[in-house]
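Step one of this worksheet: look at the structure below.
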Amino acid sequence: QVQLAESGGGLVQAGGSLRLSCAASGRTFSSYTMGWFRQAPGKEREFVALIRWSDGSTYYADSVKGRFTISRDNAKNTVYLQMNSLKPEDTAVYYCAAKSGVVADTLSWAYHYWGQGTQVTVSS
């Protein structure tokens, strides 16, 4: 049974930083892509960032490029999302997700497994 558990959300002022963690368990993720998505109230879930477990390659949404960094710790089976220079528009529930393969990596429907989400609130 695959489980993804996010942590690290909270309330921060604009310009501040947070680091989200996603602990993965239940299988070997070496061939998987791990993604972060977010969903603000009244909006659709949107892609934020991804990392391919096999080679560590990454990809970011334009809205977070240069401010967010995704990384992984193989020994801990954990993926991180370091968020710097946070803006009020970054406020959302952030979800960790996992999928096999490399097709449709930025599309939420392609992901098989999801965490429960963690709230990030950025005050102005």
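Because the structure is predicted, anything quoted here is derived from the model rather than measured.
Aromatic ring centres of Y60 and F47: separated by at least 6.0 Å.
The shortest heavy-atom contact between E6 and C96 is OE2-N, 2.7 Å. Closest non-hydrogen pair, A14 versus P88, comes out as CB-CD, 4.1 Å. When all heavy atoms are compared, the tightest approach of S85 to S17 is N-OG, 4.4 Å.
By the criterion of side-chain heavy atoms lying less than 4.5 angstrom apart, applied directly or through intervening Ile, Leu, Val, Met, Phe, Trp or Tyr residues, F37 is not grouped with Y80; the two fall into different hydrophobic clusters. Follow the hydrophobic side-chain contacts under 4.5 Å out from L18 and you reach V64 in the same cluster. L107 and V48 fall into different hydrophobic clusters, where Ile, Leu, Val, Met, Phe, Trp and Tyr are joined by side-chain heavy atoms under 4.5 Å apart, directly or via other members. The hydrophobic clustering, which links ILVMFWY residues whose side-chain heavy atoms are closer than 4.5 Å, places Y59 and L20 apart. Linking ILVMFWY side-chain heavy atoms closer than 4.5 Å, directly or via other members, places W114 and I70 in two distinct hydrophobic clusters.
K65 meets the salt bridge (Lys or Arg N to Asp or Glu O under 4.0 Å) test with D62; sequence neighbours excluded. For Y95, there are no ring-ring contact (aromatic ring centres under 6.0 Å, His included) partners, not counting sequence neighbours.
Not one N or O on the side chain of K87 forms a donor-acceptor pair closer than 3.5 Å with the backbone of T91. Distance alone, capped at 3.5 Å, places no donor-acceptor pair between the T121 side chain and the L11 backbone. Side chain of E46 to backbone of R38: no donor-acceptor contact under 3.5 angstrom is found. Under a 3.5 Å cut-off, the side chain of Q3 and the backbone N or O of G26 do not form any donor-acceptor pair.
Atom CD1 in I51 sits 12.0 Å away from atom CG in D105 (nearest 0.5 Å). Rounding to the nearest 0.5 Å gives a distance of 6.5 Å between CG of N84 and OG1 of T69. Distance check: C22 SG to W36 CH2 gives 5.0 Å after rounding to the nearest 0.5 Å. Rounded to the nearest 0.5 Å, atoms CD (Q119) and CD (Q39) are 11.0 Å apart. Here NZ of K43 is found 8.5 Å from CD of E89. Values are rounded to the nearest 0.5 Å. Note: M34 CE to T78 OG1 = 9.0 Å, rounded to the nearest 0.5 Å.
Proximity of S71 to Q82: side-chain heavy atoms (C-beta onward) are nowhere separated by under 4.5 Å. Two residues are said to be in side-chain contact when any heavy atoms from C-beta on lie closer than 4.5 Å; R52 and T58 fail this criterion.
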**Message:** Test side chain to side chain contact (heavy atoms under 4.5 Å, CB included) on Q116 and L4; report intermediate values, then the result.
**Reply:** CA-CA 8 Å; Q116 80 286 353; L4 303 176; over 6 Å; no

**Message:** Between R72 and F29, does the side chain to side chain contact (heavy atoms under 4.5 Å, CB included) criterion hold? Intermediate values first, please.
**Reply:** CA-CA 11 Å; R72 75 196 193 295; F29 291 91; over 6 Å; no

**Item:** Candidate pair M83 and V12, rule side chain to side chain contact (heavy atoms under 4.5 Å, CB included), full reasoning
**Value:** CA-CA 11 Å; M83 306 185 295; V12 65; over 6 Å; no

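For the pair R45 and W109, the NZ or CZ position fails the cation-pi test of under 6.0 Å to the six-membered ring centre and within 45 degrees of the ring normal.
Under the side chain to side chain donor-acceptor pair (under 3.5 Å) criterion, the residue pairs touching residues 18-31 are R27-Y32, with sequence neighbours excluded.
The aromatic rings of Y94 and F68 sit tilted relative to each other, their planes meeting at an angle between 30° and 60°.
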